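For reference, the structure is listed below as structure tokens.
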Amino acid sequence: MSLPKRFPDRDEIAGVRIEVEHLEAGAYLEAEGGVQERRRLAGRVMARRDMGSAVFLDLVDRSGRLQIAFLKKEVAKAVDVKLGDVIGVEGVPGKTRRGEPSLFADEGPLLLSPIATSLPDTFHGMTDVEARYRKRYLDLLMNEDVRGDFITRSRMISAIRRYLDDRGFLEVETPVLQPRYGGAFARPFTTHHNELARDFYLRIATELYLKRLIVGGLERVYELGKDFRNEGVSFKHNPEFTMLEWYEAYADYRDTMVLIENLVADVTHEVLGTTVVQFRGSEIDLKAPWRRLKFADALEEHGLWTRDEAELRRRLTERGIDCSKDPTWAKLADHALSVYVEPGLIQPTILHDYPVELSPFARRTDDDPGIVERFEYYVGGMELGNAYSEINDHADQAERFADQLKDRAAGDAEAEEGDPDYVEALTYGMPPTGGLGLGIDRLAMLLTGRDSIRDVVLFPALRDRS
RNA sequence: GGGCCGUUAGCUCAGUCGGUAGAGCAGGGGACUUUUAAUCCCAAGGUCGUUGGUUCGAACCCAACACGGCCCA
């Protein structure tokens, strides 16, 4: 026997539920003239209450859950479905005598796809964290809140696209396979192209390609896609993660600050109906404007602002910090920041004016050549992203790459390798440009109130179970 | 990398002092005229994460390993 290949003219369960909301107990949904309305629903059977000559099913689709009532004896006797079957039903919407919104089916359900195994416990759901990640389809099926979180994530992403599209940004796609990697401090994944007989890196950022497009005159571009970093896994790190980068010609980092704080606030309000979120035990308000804090002031608050490498190392070591893996001043300052400053940045904070050593693509400030026009923005003690006024002078950029190579020689494996092809692009001239990156998974954590990136990534990276 | 915790039926969990495996839900069979985790009866369901060790005997004690979680670095 062949099962149906389609179930046309389907209604959404949530919509039917709203339609019957106003009815009295025991009433049916009627159109003008007293004719009973009919609706067609499809979904998964998530509960069954069998009375013998009356059968009740709970049917679940993406939008919600509704009871299906089979009250005619012959029909009820023929209802042969088990928990987890995918069925289609047709009937009259209404409320039972006890007031439960229901679809009253006058014929048996149409089996669309039978379950060949058993669903997890429908009362306790699936709670084993490892099982939830490995069999996400069951997690989504059994846990409505999980389903809701991924719907929230999806809405958030489309709202971000809409926000940028409406402001004249062009969505573009640049290579995932790159002959050189750059645009961030991270170790890459390596792969091999057989025909071209060469290795490629999976991108760690889209930055250098997107800025070539600014050279090319596209003026406002963004890319929303996966980056890959061959690093540890934690509550805020997954080896592949979703990143938004945008570049805006004729803007500087102050313009970018205003754009990002408004984007996050507006997108959050559009998705959640409020700018207030709960995250890791804190109530956080994402509405603009956000607090501004200078990098140097942030470290000075903790008595850690000095440009002297030995002195900074001494102060950190004095406090019990292991600096053995921090070969440069830049690494030490970054370490100090992540230990003493970041965890305290709970309400949205724009940390700006970074030391030049940490920022190989950012333009120097007018006042101090050791400081660059760069900011990172933090919420809930977590970095959401990074932005700067982009270097558009080829000689300056070449010099920064050279400085990075010195750091590399000093033992910093994450320092930039340089990219002569990118420097060449800059020799053709690039308009002054503001650029920004935003960690999409981390923003999704904030909007869903989840503590772990694994709860907002559908299929998080796990070890093999051998 | 370190510490702690966990891993028993498809799922959620018990398992006492080391004496040979239990429940609920799901699945199978049956009863039942409006149920809400419906209820009731019957039968079935297991490589106790893996590998070693101790012991007359190990789900339980010991070691290593695997996977996961939390905390620390």
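Owing to the predicted nature of the structure, the values given are computational and were not obtained by experimental measurement. Order of the sequence lines fixes the chain letters, A, B, ..., with proteins taken first and strands second; residue numbering starts at 1 for each chain.
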Donor-acceptor contact below 3.5 Å, side chain Glu416(A) vs main chain Gly183(A): yes

With sugar-phosphate meaning primed atoms plus P, OP1 and OP2, does Gly125(A) contact a base, only sugar-phosphate, or nothing at under 4.0 Å between heavy atoms? sugar-phosphate

Considering only A26(B), U12(B), C67(B), which nucleotide approaches the side chain of Asp128(A) most closely? U12(B)

Bracket string, RNA chain B, 5' to 3' - pairs by Watson-Crick or G-U geometry under 3.5 Å, | interstrand: (((((((..((((.....[..))))..((((.......))))......(((((..]....)))))))))))).

Nucleic acid contacts - residues 54-73 of chain A versus RNA chain B, non-hydrogen atoms under 4.0 Å: Phe56(A), Gln67(A), Leu71(A)

Polar side-chain atom of Lys287(A) near backbone of Thr275(A) as donor-acceptor pair, under 3.5 Å: no

Taking only side-chain nitrogens and oxygens of Arg49(A), does any of them come within less than 4.0 Å of OP1 or OP2 of A38(B)? yes

Tell me what Arg463(A) touches on the nucleic acid: a base, only sugar-phosphate, or nothing, going by heavy atoms under 4.0 Å. sugar-phosphate

Just to be sure I understand the rule, does Arg132(A) reach a base, reach only the sugar-phosphate, or reach nothing, if contact means heavy atoms closer than 4.0 Å? nothing

Between A26(B) atom P and Met126(A) atom CE, what is the distance in whole Å? 18 Å

Between Glu130(A) and Leu83(A), the residue closer to the 5' end of RNA chain B by nearest nucleotide is Leu83(A)

Under 3.5 Å, which N/O atoms of the protein pair with N/O atoms of nucleotides 44-49 of chain B?
none

Under 4.0 Å, heavy atoms only, any strand: does Thr127(A) hit a base, just the sugar-phosphate, or nothing? sugar-phosphate

Test salt bridge (Lys or Arg N to Asp or Glu O under 4.0 Å) applied to Asp227(A) - qualifying residues, sequence neighbours left out: Arg203(A)

Nearest-nucleotide 5' precedence on RNA chain B, Pro120(A) against Tyr133(A): Pro120(A)

With the threshold set at under 4.0 Å for non-hydrogen atoms, list the residues of residues 137-147 of chain A touching RNA chain B in residue-number order. none

Please determine if Arg40(A) forms a cation-pi arrangement with Phe7(A), meaning its NZ or CZ atom is less than 6.0 Å from the six-membered ring centre and no more than 45° off the ring axis. yes

What integer distance in Å separates Ile453(A):CD1 from G69(B):P? 13 Å

Which residue pairs satisfy the side-chain hydrogen bond (donor to acceptor under 3.5 Å, both in side chains) criterion with at least one member in residues 57-78 of chain A, sequence neighbours excluded? Arg49(A)-Asp58(A), Arg49(A)-Gln67(A), Asp58(A)-Arg65(A), Asp61(A)-Ser63(A), Gln67(A)-Ser102(A)

Counting just side-chain N and O atoms, does Arg48(A) come under 4.0 Å of either OP1 or OP2 of A37(B)? no

